[in-house]
Amino acid sequence: MNRNRMLNICRNAGYTPSAASWRERDGCTYVMARRQQTPVLLVSGSAPEIFEGTRVSAGGDSVLACRLNKQNAAALRELFPCTAPASLSGHAASMGFGDRLGLVTGAHIKALEGSGAFPVLAQQSKRELSLTGRTWCDMLDCVTWQVFEAGYEGGYAADGDHLKTFEEVREAIDGGATMITLDCSEQTNPTAAGLSSAEAAELCGRRLDTALTAQWNADYEEKTVSLGGGFGIRLALEILPSLYLAYSGALAFVERIDRELIRKSGRPVALEISLDETETETSPAAHYFVASALQKRGVTIESIAPRFCGEFQKGIDYIGDVTRFQAEFAVHAQIARALGYRLSVHSGSDKFSVFPYVGRLTDFRFHLKTSGTSWVEAVRVIAACNPELFKRMLKFSCEKFREAKAHYHVSGQAERVPSMDRIAAKDLPGLLDGADARQVIHITYGYLLQAVDEQNRPLFRDEIYDTLRRNKAALDAAITAHSRRHLECLGVLDPPVSGSNGADAPRLQQTKKHD
């Protein structure tokens, strides 16, 4: 069927097609279209049996109208592999985009134009899925449809984010994940750093396998490892026992996940090690020990996320000494460079003051995770387009903020959010420039999306989606602009960022040895 006939069917049946999604395959035409904000896949000709749908006739022609369900999403990925997640490995810079609402993947794709960053478009943690009431498959299917609708064929990865258990990792891999971010916080001993060297040595003798610790001592004791670039790591004898106690459980956990799940998956699955979900900063010595010990066990690492100095809180800029961060980040970047993987930055949303260092000091070989910032910017659109809904949302979020802080480490305070009584409607979006309101909205998304009244009717969810769908152009523009600001400051857009965003960044201070 030619394009004019398909357009005629769409017009007569009340559908508005997406021009970017138009594809031809084996005599059939495939196009995403919408009728009254409801999306559908239209297939002309003899549609493959893997698709299910209803025939729609107009002017003597007919097409198969396919709902955006699980079966049709799987069929789309089979027929058009570009809509299925691909391997992250082999890419220099990559960025994880979280889409909590399932509405803005197209905007994330638009933001990437002119960028050297490879996108992780399907990225949700177990916590986020639970709080939004979605499953891993729901999230991946949603990304599949939006990738097709955008006409995007550049590839993307799917990240099972911050997974803590064997079963969580298996579920994500079975669901199609091409990246696993393994959260090792529950296998790490946080008290080890506070022990004296004598106490740590005594505990090692009682708790750990003596043959293993003897091998580690032979590998690391009193050796200074040259990392190149003027950097070196000295693993002093007095710190080794505490490193063994802190990370031996995590090493065994990672090795098991790699051996029993990733290697048996039958496809490339990138493995990221998360060491950041802890109060203890990851020293260069700890970083080197974990990475090199895993490599000795045959584990292939895509990236490691250390716990950096300062604070990477949700939705706001970096808190801490930027000069210290720059110097210490340079060491971590050199460890990753020397051992052949990439450095990863978690809770990376809106860390504009340190982005230039993340890009430059890694030679633009990094992974950066963002998630909630797109949700906050979507709420900003609600504030502009539906002020009364925004007021109700922010009031409710302030009431739930203390409860939500059980899931997230943030310093914002609901009590400091300005009263909305005397704020003009046009000024409401500006409230989200403040750290307190921004974090209140950022971490209460689950409460807003799942709140119901006495009749079990959603208090906010339906109106949130309705407002954003009716203002989709404004939503896409806001998300694209905000995401591009991240990429610009990281230096991965052409032309490179300049001026205050990074060109004038102070020169790093190289330190020769780091315990």
> For R67, does the CZ atom sit with more than 12 other heavy atoms under 6.0 Å from it, leaving out its own atoms?
Replying inline: no
>> Quick check on K110: does its NZ atom have over 12 non-hydrogen neighbours (other residues, nucleotides or ligands) under 6.0 Å away?
In response: no
Any sub-3.5 Å donor-acceptor pair from [X]'s side-chain atoms to [Y]'s backbone N or O?
X: D476; Y: A107; result: no
X: E128; Y: S125; result: yes
X: R77; Y: A84; result: no
X: T444; Y: Y447; result: no
X: R484; Y: A111; result: yes
X: K472; Y: L103; result: yes
X: D99; Y: V104; result: yes
X: T480; Y: A477; result: no

With sequence neighbours excluded, tell me which residues meet salt bridge (Lys or Arg N to Asp or Glu O under 4.0 Å) with [X].
X: D161; result: K369
X: R256; result: E260
X: D138; result: none
X: E168; result: none

>> If we check side-chain contact (heavy atoms from CB on, under 4.5 Å) with W136, which of these qualifies: D174, D141, L129?
In response: L129
Calculate, to the nearest 0.5 Å, the distance between atoms [atom1] and [atom2] belonging to [X] and [Y] respectively.
X: M139; Y: T144; atom1: CE; atom2: OG1; value: 9.5 Å
X: E272; Y: S94; atom1: CD; atom2: OG; value: 8.0 Å
X: Y318; Y: Y357; atom1: OH; atom2: OH; value: 11.0 Å
X: E279; Y: E311; atom1: CD; atom2: CD; value: 8.0 Å
X: H332; Y: T362; atom1: NE2; atom2: OG1; value: 13.5 Å
X: L131; Y: L448; atom1: CG; atom2: CG; value: 11.0 Å

Taking every non-hydrogen atom, the tightest pair across [X] and [Y]:
X: S353; Y: D317; result: OG-OD1, 3.0 Å
X: S18; Y: V31; result: O-CG2, 3.5 Å
X: S248; Y: L208; result: OG-CD2, 3.4 Å
X: L339; Y: S292; result: CD1-N, 4.1 Å
X: L487; Y: M95; result: CD2-SD, 3.6 Å
X: L251; Y: V290; result: CD2-O, 3.8 Å

> Where does the angle between the aromatic ring planes of F325 and F308 fall among parallel (under 30°), tilted (30 to 60°) and perpendicular (over 60°)?
Replying inline: perpendicular
> Do the ring planes of F352 and H482 sit parallel (below 30°), tilted (30 to 60°) or perpendicular (above 60°)?
Replying inline: perpendicular
>> I'd like to check the side-chain contact (heavy atoms from CB on, under 4.5 Å) partners of T38; sequence neighbours left out, ordered by chain and number.
In response: none
>> Tell me every residue that passes side-chain contact (heavy atoms from CB on, under 4.5 Å) with Q455, counting only those two or more places apart in sequence or in another chain.
In response: D453, R457
Is the closest basic N to carboxylate O distance between [X] and [Y] below 4.0 Å?
X: E149; Y: R34; result: yes
X: D466; Y: R470; result: yes
X: E281; Y: R324; result: yes
X: E388; Y: R392; result: no
X: R380; Y: D433; result: yes

> Centre of Y15's six-membered ring, under 6.0 Å away, within 45 degrees of the axis: is that where NZ or CZ of R35 sits?
Replying inline: yes
>> Tell me whether the NZ or CZ atom of R307 lies within the 45° cone about the ring axis of F312 and under 6.0 Å from its centre.
In response: no
> Stepwise, does the side-chain contact (heavy atoms from CB on, under 4.5 Å) test hold for L271 with L182?
Replying inline: CA-CA 7 Å; L271 177 60; L182 197 57; 4.2 Å; yes
Taking only residues two or more places apart in sequence or in another chain, which ones pass side-chain hydrogen bond (donor to acceptor under 3.5 Å, both in side chains) with [X]?
X: N386; value: E463, T467
X: D421; value: S419
X: H442; value: none

>> Go through it in stages, so that I can follow the logic: the residues are E302 and S89, the test is side chain to side chain donor-acceptor pair (under 3.5 Å), and I'd like the CA-CA distance, side-chain angles, deciding distance and then a yes or no.
In response: CA-CA 7 Å; E302 175 66 33; S89 299; 3.1 Å; yes
> Do R438 and T373 have a side chain donor and acceptor closer than 3.5 Å?
Replying inline: yes
>> Checking T370 against S349: is there a side-chain donor and acceptor pair closer than 3.5 Å?
In response: no
> Can V379 and F390 be said to form a side-chain contact (heavy atoms from CB on, under 4.5 Å), step by step?
Replying inline: CA-CA 7 Å; V379 175; F390 172 74; 3.7 Å; yes
>> What verdict does the side-chain contact (heavy atoms from CB on, under 4.5 Å) test give for E171 and E167, after you've listed the backbone C-alpha separation in whole Å, the side-chain angles of each residue and the deciding distance to 0.1 Å?
In response: CA-CA 6 Å; E171 178 185 354; E167 289 304 320; over 6 Å; no
What pairs of residues pass the ring-ring contact (aromatic ring centres under 6.0 Å, His included) test when at least one of them lies in [range], not counting sequence neighbours?
range: residues 452-476; value: F396-F460
range: residues 151-177; value: H162-H346
range: residues 71-113; value: Y30-F80, F80-F148, H91-F118, F97-H108

> Is there a side-chain contact between S347 and Q313 (heavy atoms, below 4.5 Å)?
Replying inline: no
>> Assess the residue pair T132 and Q450 against the criterion (side-chain contact (heavy atoms from CB on, under 4.5 Å)); give the C-alpha distance rounded to whole Å, side-chain angles, the decisive distance to 0.1 Å, and a yes or no.
In response: CA-CA 7 Å; T132 55; Q450 297 198 45; 5.8 Å; no
>> Before you tell me yes or no, could you show the steps for S303 and S344 under side chain to side chain donor-acceptor pair (under 3.5 Å), namely the whole-Å CA-CA distance, both residues' side-chain angles and the distance that decides it to 0.1 Å?
In response: CA-CA 6 Å; S303 47; S344 185; 4.8 Å; no
